[in-house]
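Sequence lines set the chain letters: A, B, ... in the order given, protein chains first and strands last, and positions in each chain run from 1.
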Number of protein chains: 2
Amino acid sequence: MKDVAEQAGVGIKTVSRVVNGEPGVTPETMARVLTAIQDLGFRRNDSARTLRTGRTGAIALLVEQVADPFSSALTGAAEEVASRHGTLLLTGSCRDDPHRERELALAFCARRVDGIIVVPAAADHSYLAPEMAAGLAAVFVDRPPVDLEADSVLADNAGGARRGVEHLLAGGHRRIGFLGDSETFYTAAERLRGYHEAVAGAGLTVDPRLVEMDALKPGRIDLALARLLDGPAPATALFTGNNRLTVEVLRRITGRPGRPALVGFDDFELADLLTPGVTVIAQDPAGLGHTAAELLFSRLAGDASAPHRIVLPTRLIPRGSGEAGPAHR
Amino acid sequence: MKDVAEQAGVGIKTVSRVVNGEPGVTPETMARVLTAIQDLGFRRNDSARTLRTGRTGAIALLVEQVADPFSSALTGAAEEVASRHGTLLLTGSCRDDPHRERELALAFCARRVDGIIVVPAAADHSYLAPEMAAGLAAVFVDRPPVDLEADSVLADNAGGARRGVEHLLAGGHRRIGFLGDSETFYTAAERLRGYHEAVAGAGLTVDPRLVEMDALKPGRIDLALARLLDGPAPATALFTGNNRLTVEVLRRITGRPGRPALVGFDDFELADLLTPGVTVIAQDPAGLGHTAAELLFSRLAGDASAPHRIVLPTRLIPRGSGEAGPAHR
DNA sequence: CTGAAAGCGCTTACAG
DNA sequence: CTGAAAGCGCTTACAG
């Protein structure tokens, strides 16, 4: 900028004005400056600008794993909002490692991002408290923060699972197996809660032998399915607590005689192309990302109200796998 | 840092030494400094550091659209490499808009990223030349740069397509339809070239009525399929030039009597669960991301050799859809 | 082992 | 309309 000023024969502040589109520069002066900028291939150094203004024009997003469909849909939506606000998005994958979440989040803070969106892996987010006190805006997505007052945007996990199980109940099923991830995950616990509510709501008691948590642990899924389907009183329908479980279960029940009905939590691509189509409770990862990013920007714009907790609805998409009654067994 | 120095009763440089783990500080001094850091909740401001050192410890990745599976696999792999190098990854989606690619790339340059990985959308990358002259490392992925000397990491598009078409030829097909994206895309043109090579290699002449490019334009796919399959001399097999085409074609031929054989370029999740399983030429998006990132870091580490052009192999995965002969029609 | 001074490239707050 | 001075928070190059 100094070089540009010299070459154009103006003060450094005038160059700054031109670069930032500030008013109060004669057209001729501006032309001279622009020429000098061209000639020298000048580009503003945003680090210096950040250092002075305290704002980076960047926000960070921490997800579980960028490469999975849920995260990438969420990321895409957040990126769209960020770009609309002229803001850059920095991303990081925590890989469900609490330590890594913390490390990444603090690295982003050291870079002085204006705000951060976190799909939390950690069980304690108090480490962000000093950052927030220093002005960081933070929004949690998919799972609420622990030991920290902050905004969160969640899917209606319990309501969605309840709806899915009610759908199976309405089809005449009385023995519905539930396959879930570890209960230490907020989402898994909530979905299990929805299952309980639906079963109880139908006047039935939950048979603990129909609930298989931690089903994604190595080797567990075959065991779980054997227990659910091969006993003396087998389940006639299954509700799977997430995407990966749905797919893994499908791999194992496809072509099986007396195949149980199936409803899965979370939609996935090609669910409609399988035979039969897979009935799911669709959540809205793009909606989560979009809402979280908008909320973050409203905080950055000065909204200082009490932390919000926004819950996005889910919806049932019947496609065939969840509509077969128990009779055919 | 000044505050910490004051509180600890040391010089500012000593604090810097402690923060950066530089040697030459007494244990006692270090303890005093660390305590002060704790008390004040101090965290180094990386903008200031960047301003002084000229290195950000961040690289940028521009993809077509973070939310699609190809891009997210690529991003995930690049992120893994970056994190292993203690480097942050900034991402942006160009959405196939040349203007946006340029804008984003230059915004990242203004932030002084150490390097940039680009899945190019633009038809002219000379805008990066001044940046590269100023020390920016750049690697292009999936498509080569235009009007710029730089590293590129590509999939073997022509070879893969040739292999896929040869597979259909080996199954006895003589009329193989090709559905491709716009020929203005490097990848689409290369895959078409592979198709030509395979057909010519079998001693046949390419029937132009069997080639449908621009098939992803609105409304074009139904027209293309009608022309390929409903004429007097229909294709008995199809080769689809990308993922989205494969899925769209599947939606339309599933359940169709005399369904043509199908091989698609690029693998996709659940391709094995469909009936029949979908035979594909798998490319390796994670491998592309990984290789590109490693190449970028080798440049950052000082490798100044001539630009590389790395081509990653593809592989055929037979699953059923491509193995039916022409006889059943 | 430790620290004072200069400077990275901008913007802020002024003065003219 | 324009510009000189100060300062953002670090690191570099020295000196002690």
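Rounded to whole Å, the distance from CG on Asp3(B) to P on dG9(D) is 8 Å. Put simply, CZ on Arg111(A) is 14 Å from P on dC10(D), counting in whole angstrom units. The separation between Leu40(A) atom CG and dG9(C) atom P is 13 Å, rounded to whole Å. Protein atom CZ of Arg55(B) is 13 Å distant from nucleotide atom P of dT12(D), rounded to whole Å. Between the C1' atom of dG9(C) and the CD1 atom of Ile37(A) lies a distance of 14 Å, rounded to the nearest Å.
A heavy-atom distance below 4.5 Å is found between the side chains of Leu62(A) and Glu101(A). The side-chain heavy atoms of Tyr186(A) and Val146(A), taken from C-beta on, include no pair separated by under 4.5 Å.
Within 6.0 Å of CZ on Arg244(A) lie no more than 12 heavy atoms contributed by other residues, nucleotides or ligands. More than 12 heavy atoms of other residues, nucleotides or ligands sit less than 6.0 Å from atom CZ of Arg44(B). With a 6.0 Å radius and a threshold of 12 heavy atoms from other residues, nucleotides or ligands, Arg95(B) has its CZ atom above the threshold. Counted within 6.0 Å of CZ on Arg102(A), heavy atoms from surrounding residues, nucleotides or ligands total 12 or fewer; the atom is thus considered open.
Contact annotation: Ser16(A) reaches the phosphate of dT11(C) (side-chain N/O to OP1 or OP2, under 4.0 Å).
Taking a 4.0 Å limit (strictly below) on heavy-atom distances, residues 17-30 of chain B reaches DNA chain C at Arg17(B), Gly24(B), Val25(B), Thr26(B), Thr29(B).
Here the side chain of Val10(A) is nearest to one of dG3(D), dT11(C), dC10(D), namely dG3(D).
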Side-chain donor-acceptor distances from residues 63-82 of chain B under 3.5 Å, at least two apart:
{"from": "Glu64(B)", "atom 1": "OE1", "to": "Arg143(B)", "atom 2": "NH2", "distance (Å)": "2.9"}
{"from": "Asp68(B)", "atom 1": "OD1", "to": "Phe70(B)", "atom 2": "N", "distance (Å)": "3.3"}
{"from": "Asp68(B)", "atom 1": "OD1", "to": "Ser71(B)", "atom 2": "N", "distance (Å)": "2.8"}
{"from": "Asp68(B)", "atom 1": "OD1", "to": "Ser71(B)", "atom 2": "OG", "distance (Å)": "3.1"}
{"from": "Ser71(B)", "atom 1": "OG", "to": "Gln65(B)", "atom 2": "O", "distance (Å)": "3.2"}
{"from": "Ser72(B)", "atom 1": "OG", "to": "Asp68(B)", "atom 2": "O", "distance (Å)": "3.3"}
{"from": "Ser72(B)", "atom 1": "OG", "to": "Pro69(B)", "atom 2": "O", "distance (Å)": "3.3"}
{"from": "Thr75(B)", "atom 1": "OG1", "to": "Ser71(B)", "atom 2": "O", "distance (Å)": "2.6"}
{"from": "Glu79(B)", "atom 1": "OE1", "to": "Ser93(A)", "atom 2": "OG", "distance (Å)": "2.7"}
{"from": "Glu79(B)", "atom 1": "OE2", "to": "Ser93(A)", "atom 2": "N", "distance (Å)": "2.3"}
{"from": "Glu79(B)", "atom 1": "OE2", "to": "Ser93(A)", "atom 2": "OG", "distance (Å)": "3.4"}
{"from": "Glu80(B)", "atom 1": "OE2", "to": "Arg84(B)", "atom 2": "NE", "distance (Å)": "3.2"}

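Using cut-offs of 30° and 60° on the angle between ring planes, the pair Phe297(B) and His85(B) is parallel.
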Taking N or O atoms only and anything under 3.5 Å, show me the protein contacts with nucleotides 5-8 of chain D, one pair per line.
{"from": "dG7(D)", "atom 1": "N2", "to": "Arg52(A)", "atom 2": "NE", "distance (Å)": "2.6"}
{"from": "dG7(D)", "atom 1": "N3", "to": "Arg52(A)", "atom 2": "NE", "distance (Å)": "3.3"}

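A donor-acceptor contact shorter than 3.5 Å links the side chain of His308(A) to the backbone of Ala306(A).
With a cut-off of 3.5 Å on both pairing distances, the Watson-Crick or G-U wobble partner of dC1(D) is dG16(C).
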